[in-house]
Amino acid sequence: MDNYVLLVVVLATSILLPAMILYRSSSSRSCKTSHPVGSQLPLGSLGWPLVGETLEFVSAAYSDRPESFMDKRRLQYGKVFKSHLFGSATIVSTDAEVSRAVLQSDGRAFVPSYPKSLTELMGKDSILLINGGLQRRIHGLIGAFFKSPHLKAQITRDMHKYVLGSMQKWREDRPVHIQDEAKNIAFQVLVKALVSLHPGDEMEFLKKQFQEFIAGLMSLPINLPGTRLHRSLQAKKRMVELVHKIIRVKEQIGSLEPPRDVAEVLLRDASKELTNDLIAENMIDLMIPGEDSVPVLMTLAVKYLSDCPSALHQLTEENLKLKRVKDQLGEPLCWADYSSLPFTQSVITETLRMGNVIVGVMRKAMRDVEIKGYRIPKGWCVFTYFRSVHLDESLYDWPHQFNPWRWQGRDMSNCGFTPFGGGQRLCPGLDLARLEASIFLHHFVTHFRWVAEADSIVNFPTVRMKKRMPVWVKRKENIEK
């Protein structure tokens, strides 16, 4: 209760002034803006003066059914409705087709919209914020590199190395916290792919500074000495200095074939827009998945498998069969081996659907837009809320039940499944996220049996396990003796 009261005070303080300004200006715009004949502003409520419906949204987000805020309004107004969240008049979409149309739109219709503290930390040149040709160029270069056979082979080797190195240290007389282990592994793998940094003093320095940096992503937008945002900005400054040092070494060595990491891919580009400052800043921003989405995907998969013995049994048998074949051939496992495990991939897909590691995205309308008969006024935000779509009973039978078998023979390209976003800003590392989760699960189920302690999922401000997913492990070779 004390934490809830504190949350209310903090939120009210942080959004009071901007909410007053934005509430008045957005309400004025909605009355004056011309719109296409036949389109209409979605039904809904702008909530309380100044704070809108933010407090009710956050209260639901902290509960075990965070989609309850959306469900209540879906029943009242339909799958698309208006609200007022985090200081902005907002159109909320829980409709798969509308959300897909927003995601597929270009920068002339919608641009990213983030809290002020996040935009300050990311910087104006972040790939998360920039638009137009530069964004498409950077996204394309990174996406092509992440799809390259060279990087997939490197990621596979690195994951094997770091996963086995981590698991060798696990003890049977105390619990292993899967979330912590997954974060440590995923961060090292991603940093190696970004700047070719290996374990050592610099990696440990980067980890420490990154924790300080990421703590400010959802902080109050006050940049004064001693504040959370100021400390996070200073941490990013120290990380950028380290990346600049790495870049200078790369420039002295010259181009290598093929490029070893994302930094080298961007350094080779002939465009004068891709300055060393821009590259260094974006290397830090691209480390966020190594702290957040990828390790949470691994952790949630273990959580759901622990609660579903039949799925765990089938996944274990599938991976043991592959392991026996590769052992007989004397060959290491490669990316194609993991992608050939159909049930393992179904487990990962179902984990993405239920876990909603990325709960949704926010965009700001740059002009009046009509989608499916709904009018989105210029200047309003659009919140495409993936969680409600992924748990929609009209799209998925028994949506709150973990059922990886539902994906056997099912088309994942439909607009009702968007765990990695979509359009020009589709996560370029989606295949690598699946690969890393596949490798982690393979080694976990083929080397260990485990008993999970009771734990629960926290969904706000980011998805995570409340107790960091503690499990008691037994090595299979010890069981068989």
Side-chain angles (χ1 to χ4, degrees), residues 142 145-146 151-170 176-200 202-215 217 239 243 261-263 282-305 333 335 338-339 344-345 347-349 351-352 355-358 419-420 427-445 447-448 457-458 462-465 468-471:
I142 295 173
F145 181 63
F146 278 177
L151 184 66
K152 287 179 177 178
Q154 175 185 308
I155 293 286
T156 303
R157 291 192 301 270
D158 291 341
M159 275 297 292
H160 281 300
K161 176 182 175 180
Y162 294 135
V163 168
L164 292 175
S166 178
M167 290 181 174
Q168 285 173 359
K169 300 174 185 176
W170 293 3
V176 174
H177 291 89
I178 296 298
Q179 186 168 278
D180 294 345
E181 299 294 326
K183 281 188 175 185
N184 183 54
I185 293 166
F187 187 78
Q188 291 186 95
V189 170
L190 183 56
V191 170
K192 174 114 182 282
L194 292 174
V195 294
S196 294
L197 191 63
H198 295 268
E202 288 185 331
M203 177 69 82
E204 293 306 311
F205 172 82
L206 196 61
K207 283 183 191 176
K208 182 179 178 180
Q209 298 304 316
F210 189 81
Q211 291 302 316
E212 186 77 18
F213 161 70
I214 204 170
L217 291 180
M239 288 190 291
V243 176
D261 53 49
V262 173
N282 274 281
M283 291 304 100
I284 307 305
D285 299 345
L286 289 169
M287 291 176 190
I288 294 175
E291 166 67 20
D292 192 11
S293 52
V294 175
V296 172
L297 170 59
M298 298 178 195
T299 305
L300 290 178
V302 173
K303 160 68 175 171
Y304 293 137
L305 288 169
L333 278 80
W335 174 79
Y338 291 107
S339 61
T344 300
Q345 294 307 313
V347 165
I348 293 171
T349 301
T351 300
L352 288 166
N356 292 285
V357 177
I358 302 173
F420 295 101
C427 174
L430 60 92
D431 289 338
L432 295 184
R434 283 183 169 275
L435 174 61
E436 291 182 53
S438 300
I439 296 173
F440 182 84
L441 290 174
H442 173 80
H443 288 295
F444 192 32
V445 301
H447 287 89
F448 296 94
I457 301 172
V458 177
T462 57
V463 179
R464 63 196 184 282
M465 299 302 298
R468 312 188 328 273
M469 193 62 204
V471 300

Worked verdict on Val471 versus His177 for side chain to side chain contact (heavy atoms under 4.5 Å, CB included): CA-CA 6 Å; Val471 300; His177 291 89; over 6 Å; no
When rounded to the nearest 0.5 angstrom, what distance separates [atom1] in [X] from [atom2] in [Y]?
X      : Y      : atom1 : atom2 : result
Ile185 : Ile178 : CD1   : CD1   : 8.5 Å
Met283 : Leu197 : CE    : CG    : 13.0 Å
Leu333 : Tyr338 : CG    : OH    : 4.0 Å
Trp335 : Leu435 : CH2   : CG    : 8.0 Å
Arg468 : Glu181 : CZ    : CD    : 10.0 Å
Leu206 : Ile284 : CG    : CD1   : 6.0 Å

Side-chain donor or acceptor of Gln179 paired with backbone N/O of Met465 under 3.5 Å: yes
Decide yes or no for [X] and [Y]: does some side-chain heavy atom of the first lie under 4.5 Å from some side-chain heavy atom of the second?
X      : Y      : value
Val357 : Thr351 : no
Tyr304 : Ile457 : yes
Leu352 : Leu300 : no
Phe146 : Asp431 : no
Phe213 : Met287 : no
Tyr162 : Pro199 : yes
Gln188 : Asp158 : no
Lys207 : Asn184 : yes

Working for side chain to side chain contact (heavy atoms under 4.5 Å, CB included), residues Ile439 and Thr156: CA-CA 8 Å; Ile439 296 173; Thr156 303; 4.1 Å; yes
State, to 0.1 Å, how close [X] and [Y] come at their nearest heavy-atom pair, and which atoms those are.
X      : Y      : answer
Ala193 : Ile155 : CB-CD1, 4.0 Å
Pro289 : Asp285 : CD-O, 4.2 Å
Ala186 : Val294 : CB-CG1, 4.0 Å
Ala437 : Met298 : CA-CG, 4.1 Å
Val195 : Ala263 : CG1-CB, 4.2 Å

CA sep, side-chain torsions, deciding dist, call: Leu286, Leu190, side chain to side chain contact (heavy atoms under 4.5 Å, CB included): CA-CA 9 Å; Leu286 289 169; Leu190 183 56; 5.8 Å; no
[Y] versus [X], side-chain donor and acceptor atoms under 3.5 Å:
X      : Y      : result
Arg464 : Thr299 : no
Asp261 : Ser196 : yes
Gln345 : Ser438 : yes

Working for side chain to side chain contact (heavy atoms under 4.5 Å, CB included), residues Leu432 and Val189: CA-CA 10 Å; Leu432 295 184; Val189 170; over 6 Å; no
Parallel, tilted or perpendicular: rings of His443 and His160 (30°, 60°): perpendicular
Aromatic plane relationship, Phe187 with Phe210 - under 30° parallel, 30 to 60° tilted, over 60° perpendicular: tilted
